[in-house]
Each structure stands twice: as structure tokens, then as C-alpha cells.
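So the structure is just underneath, and the comments pick up after that.
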Amino acid sequence: MSEDIIDPCLVGIWLLPGQPQTYEISESGDYLIGEPDEPLHFEDGGKTMIWGERKFHRASDHGVGLIGTWIETGTGDAWDFTDDQAVTILTDEEMLITGIWALRDQGRRLWHCEKRATLRTDGAHLEFDFYGGDMARYGYSVSGEVLSLLDPETWTELTRYINSDLYLETIAS
């Protein structure tokens, strides 16, 4: 597997029909998953954040609004939001996840995208090196605006992604 080059046909934002997430492959081989934005509001004078169904408590008195470190009540994960729109998540398993965030709808909704893996390719196989230590290897095929992940032994199609540009063109027509 090539460590340095990603097949240029893979670079872009991909969608799985019926799922709200986006799946992005960068030129450097980063694999990112973007979650849909969710409602956001603050309580207790800014010490509690409610984001979608999750509740967070500010880790210290430092920070304004979203900026600062928040502890997710349900998991104990620490989310650090910085003013340059970066987010770092330290999970209870000591796994560090990085990503980006953006406020939408005049600050009433929060969107985030997390870097989940590094990819390698040899032109026929795509290998995911996930940050939790897991690896996954697939065959792949890109035809037009469709990316298919294939069983690496039988070459049977396992899943089919569509390029987000194609999707946006389709709904605009």
C-alpha cells in the first residue's frame, strides 16, 4: 500500500443514500465523518450546554459561549472547542479525535466533522487505519460520481457512495 498518495478519484465528499452523515476523503488521506447539525442552547448561565440529545458541563470557568472545554455527561468525554473552529475530543478510552465545528442558524445549531482514520490505497484496495487501532481493507471502484467499496476477496459490492456534488446537482434540478 502506498503511504503517500491517495487516488485522486477518491478525494471529495461522499454520501450514503438515506444517511445524514457526510464522508470526506482529503488529498492527504484523512477520512472524516461529518454529522448533521443539531440544536444548541446553554443553561445555568453558560455552564451547561445542551447539544441535540446530549448534555455537557463546562470543565472550568474559562471560555465564552461554545469556546472552552466541555465534559459530556453521558460519556465523560472531554470536548475542547477553540476559536479557530477546531475541536478535540478526548474519549474515556483515552482516544484523541480531532475535527472542525461551525455554528449555523445564527448560533442555534452546531455542526461538527471528525477525523476518524487515515487512508492508504494502491489503486485497487483502500485501507482504513482507524484511530481506535482497528484496520479495515476493501477493494474499491470509482465510476463517474459513484464510489463502491468491495469485498477484497470476492469483489462483491458491499456499499455504494455518491459524490456530494452529484447529489447537489440532482436536488437542484
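Since this is a predicted model, take the numbers as computed values, not measurements. Hydrogens, waters and symmetry mates play no part in the numbers below; they use all other heavy atoms, side chains included.
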Kindly indicate whether the side chain of Trp14, heavy atoms from C-beta on, has any atom under 4.5 Å from the side chain of Asn163.
-> yes
To the nearest 0.5 Å, tell me how far Arg160 CZ sits from Leu149 CG.
-> 11.5 Å
Considering only distance and modelled atom types, tabulate donor-acceptor pairs under 3.5 Å from the side chains of residues 37-46, sequence neighbours left out.
| residue | atom | partner | partner atom | Å |
| --- | --- | --- | --- | --- |
| Asp37 | OD1 | Arg109 | NE | 3.1 |
| Asp37 | OD1 | Arg109 | NH2 | 3.3 |
| His41 | NE2 | Glu43 | OE2 | 3.2 |
| Asp44 | OD2 | Thr48 | OG1 | 2.6 |

Are Leu16 and Gln21 side-chain neighbours, meaning at least one heavy-atom pair lies under 4.5 Å?
-> no
Hey, does the side chain of Ser148 reach the backbone of Glu157 with a donor-acceptor pair shorter than 3.5 angstrom?
-> no
Output yes when a side-chain donor or acceptor of Thr121 lies under 3.5 Å from a complementary backbone atom of Asp7, and no otherwise.
-> no
Might you work through the side-chain contact (heavy atoms from CB on, under 4.5 Å) test for Leu119 and Leu10, ending with a clear yes or no?
-> CA-CA 10 Å; Leu119 302 180; Leu10 295 171; 5.8 Å; no
Could you tell me whether the side chain of Trp101 reaches within less than 4.5 Å of the side chain of Leu66, counting heavy atoms only?
-> yes
Closest non-hydrogen atoms of Leu158 and Leu150, given as atom of the first, atom of the second and distance, are CD1-C, 3.8 Å
Could you list the donor-acceptor pairs under 3.5 angstrom formed by side chains in residues 74-84, with sequence neighbours left out?
| residue | atom | partner | partner atom | Å |
| --- | --- | --- | --- | --- |
| Thr75 | OG1 | Glu72 | OE1 | 3.2 |
| Thr75 | OG1 | Asp77 | N | 3.1 |
| Thr75 | OG1 | Asp77 | OD2 | 3.4 |
| Asp77 | OD1 | Asp92 | N | 3.0 |
| Trp79 | NE1 | Glu72 | OE1 | 3.4 |
| Asp80 | OD1 | Thr69 | OG1 | 2.8 |
| Thr82 | OG1 | Asp84 | OD1 | 2.3 |
| Thr82 | OG1 | Ala86 | N | 3.4 |
| Thr82 | OG1 | Ala86 | O | 3.2 |
| Asp84 | OD1 | Ala86 | N | 3.3 |

Side-chain donor-acceptor contact under 3.5 Å, Tyr138 with Thr159 | no
Can you name the closest pair of heavy atoms from Gly52 and Ile50 and give their distance?
-> O-CG2, 3.8 Å
Approximate separation, where rounding is to 0.5 Å, of Ile67 CD1 and Gln85 CD = 8.0 Å
Among all residues two or more places apart in sequence or in another chain, which pass the side chain to side chain donor-acceptor pair (under 3.5 Å) test with Gln19?
-> Tyr23
Check whether any side-chain heavy atom of Ile97 lies under 4.5 Å from a side-chain heavy atom of Thr88, and answer yes or no.
-> no
Just checking, any donor-acceptor pair under 3.5 angstrom between side chains of Glu127 and His125?
-> no
For the residue pair Phe130 and Tyr31, categorise the inter-ring angle as parallel (less than 30°), tilted (30 to 60°) or perpendicular (more than 60°).
-> perpendicular
The reported gap from CD in Glu24 to CD1 in Ile100 (rounded to nearest 0.5 angstrom) is 7.0 Å
To the nearest 0.5 Å, what is the distance between CZ (Phe128) and CZ (Arg116)?
-> 12.5 Å
ILVMFWY network linking Trp51 to Leu103, side-chain heavy atoms under 4.5 angstrom | yes
